[in-house]
Amino acid sequence: TESPLDLGDRRLGLTIDDSDPRRFVMYVDNEEIPLIQEFLYYKSMVGDNSKDYKRASGAYIFRPDGSPIPVCDNQKKPQRVSGPVVQEIHRECNEWVSQVIRLYNGDDNIEFEWLVGPIPNDDKIGKEVISRFRIPFYKNNQTFYTDSNGREMLKRILNYRPSFTLRENVENVTGNYYPITSRISLTDQQTRFSVLNDRSQGGSSLQDGEIELMVHRRIFVDDAFGVDEALNETAFGVGLVARGHHYLTYGPVDKLFEVERLLAQRKLIRPQYFFTKKHSVVSYKDLK
Amino acid sequence: EPKITPLRETMGMMQHHDAITGTEKQHVANDYARLLSEAMEECEEASCTILSGLAAGIETSADCKTCQLLNISQCEVSEHSEQFVLTLYNPLSRPVTEFVRLPIPSETAYSVVDPSGQRLTVQFVPLPSAVLRIPGRKSSATSELVFQADDLPPLGYKSYLITKEPSSSYLNRLRAERSAQSE
């Protein structure tokens, strides 16, 4: 169906804004929280690598050229699929970016399955695609937490280093990017807002209430740090396609630690699937 | 041991800083993918041999397969079999619930029976058109069969019998369920 575009219920769920598919109202334990989720891309810096400020973005470094540019056509209407096991909202942003937002019955997180690529190469501008989640008016005091290889959560403060005084940060975006191997979290001391990922990604919280994770990149210039190749991987004659999951959790701080720990184990160490074909159709009784 | 060692060795190689960060040259990346794929295939044989000794429904290890392309919603067994057994092994030390998604051709109904003989609630979800357009994807699947696999035992397995249903019996059952619901 096309409407109403909602998932779940008031215990955990969300509703998409009719006029703008980037905007949601998220429901958690009867509380209403505004949420914005969108895809954007940073243009990769192109340079001749002769000076630090002329370095190109590449395999070793992420160096954006300006602010991120939204990629979604917000006129395209999302579609809703609903049934007894799962409810989904399918959203196609453009030819190379799409997403399924999903809530399984009784689950404690909202899943965002992104699919990005092949990133076009017609304009020869490198593109570094991010998924950005934002809760307006959330006060995390320029502080966020990222994990260290799935273990301890480390405190990160915008434009700050614990071991030396950062006088001037000319790389305002990159200088605040950290490796996110399993999760990134914000807290206003009462609640916690986290996004868990299924693979290591770069990410940050550049403004209060905001989490961004880089999902895919395609670049046409080498950064001259050693690999001597542009980060321009292709298959079947076009750029690569990447598909993955982000799991969004929100709730009271004391409850969320447990939710996140169990969710991370369940999603990162998933059951293994083994298939056995039956050569002739049998009943359950015979099989048993 | 000889079936498992290649994956151990390959995982050792994958600890190299270029393999972790993706700063290896393209031909090296391709070689890493080749090594991992071959090592996983050998390990699959070992896993299936062990499972065939444990699990009902897996008569020989030759019948047992994994689906490496589930990440693009492609799986030869679920797409083309009239009937198959899905065995889920839980590597965690506590019970977990898994939501299973299997690629299937559309307009096809399936029944799923759990180890206690219970017929499970299933849902058929259409694949987004962007998935169908993934370059290199060779699949007849346009939908996914989704069901909830409850309480997989810690460090243990559960097997599910999945059978393609004749469309008439599926429709009759659906009508009966709907009429029971409306009553």
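Each chain gets a letter, A, B and so on, in the order the sequences are listed, and its residues count up from 1. The model shown is predicted, which means the values in this text are computed figures rather than measured ones.
- For B/V28, no part sits under 4.5 Å from any heavy atom of chain A, backbone or side chain.
- With chain B as partner, the option from A/V97, A/L240, A/I269 having the largest number of non-hydrogen pairs under 4.5 angstrom is A/I269.
- Side chain of B/Q123 to backbone of A/V86: a donor-acceptor contact under 3.5 angstrom is found.
- Within 6.0 Å of atom NZ in B/K138, 12 or fewer heavy atoms from other residues, nucleotides or ligands are found, so the atom counts as exposed in its surroundings.
- At a 4.5 Å heavy-atom cutoff, the contact between B/L152 and chain A is made by side-chain atoms alone.
- Of all non-hydrogen atoms in B/T121 and A/V85, the two that sit nearest each other are O-CG2, 3.9 Å.
- For a residue to count as touching a neighbouring chain, one of its non-hydrogen atoms must lie under 4.5 Å from one of that chain's; by this rule B/I162 does not touch chain A.
- Heavy atoms of B/E98 lying under 4.5 Å from chain A belong exclusively to its side chain.
- No more than 12 heavy atoms of other residues, nucleotides or ligands shown are found within 6.0 angstrom of CD on A/Q75.
- Taken to the nearest 0.5 Å, the CG atom of B/L161 stands 10.5 Å off from the OG1 atom of A/T276.
- Separating the OG1 atom in B/T87 from the OH atom in A/Y273 is a distance of 12.0 Å, to the nearest 0.5 Å.
- With a threshold of 4.5 angstrom between heavy atoms, B/V113 approaches chain A through side-chain atoms but not through N, CA, C or O.
- The shortest non-hydrogen separation linking B/V77 to A/K277 is CG1-CG, 3.8 Å.
- Proximity to chain A (any heavy atom under 4.5 Å) is shown, for B/T23, by both the backbone and the side chain.
- Looking at B/L92, the atoms closer than 4.5 Å to chain A (heavy atoms on both sides) all sit in the side chain, from C-beta outward.
- Smallest separation of non-hydrogen atoms from A/V100 and B/P128: CG2-CG, 3.5 Å.
- Residue contact with chain B, scored on non-hydrogen atoms closer than 4.5 Å, involves the side chain of A/V241 exclusively.
- Ranked by heavy-atom pairs under 4.5 Å with chain A, the list B/R94, B/E44, B/E82 is led by B/R94.
- For the pair A/A59 and B/G22, the tightest heavy-atom approach, listed with the atom from each and the gap, is CB-O, 4.4 Å.
- Using cut-offs of 30° and 60° on the angle between ring planes, the pair A/Y104 and B/F99 is parallel.
- Ranked by heavy-atom pairs under 4.5 Å with chain B, the first of A/R266, A/Q272, A/E95, A/E233 is A/Q272.
- A/E88 and B/V125 get closest at one heavy-atom pair: OE1-CG1, 3.1 Å.
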Check against salt bridge (charged side-chain N to carboxylate O under 4.0 Å, His left out), A/E92 and B/R133: CA-CA 12 Å; A/E92 189 151 326; B/R133 294 198 304 266; 3.1 Å; yes

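- Listed for the A/R243 side chain is a donor-acceptor partner under 3.5 Å among the backbone atoms of B/N71.
- Among A/S98, A/P84, A/G226, A/G58, the residue with the largest count of heavy-atom pairs under 4.5 Å with chain B is A/P84.
- Distance check, rounded to the nearest 0.5 Å: CZ of A/R102 to CZ of B/R101 gives 3.5 Å.
- In this structure, B/I20 CD1 and A/T181 OG1 are separated by 11.0 Å, a value rounded to the nearest 0.5 Å.
- Heavy atoms of other residues, nucleotides or ligands lying less than 6.0 angstrom from CE of A/M214 number more than 12.
- Contact annotation for B/P115: only backbone heavy atoms (N, CA, C, O) come within less than 4.5 Å of a heavy atom of chain A.
- For B/S116, the part lying near chain A is the backbone, with the side chain staying farther off; criterion is any non-hydrogen pair under 4.5 Å.
- A pairwise comparison of heavy atoms in A/H90 and B/P126 identifies CE1-O, 3.3 Å as the closest pair.
- With respect to chain A, the highest number of heavy-atom pairs below 4.5 Å among B/V131, B/N90, B/T163, B/T21 belongs to B/V131.
- The parts of B/T66 that come within reach of chain A are both its backbone and its side chain, each placing non-hydrogen atoms under 4.5 angstrom from that chain.
- Atoms CD and NE2, on A/E229 and B/H27 in that order, are 7.5 Å from each other to the nearest 0.5 Å.
- Annotation: the span from A/F274 atom CZ to B/I50 atom CD1 amounts to 8.5 Å, rounded to 0.5 Å.
- Heavy atoms closer than 4.5 Å to chain A are found nowhere in B/Q118, neither backbone nor side chain.
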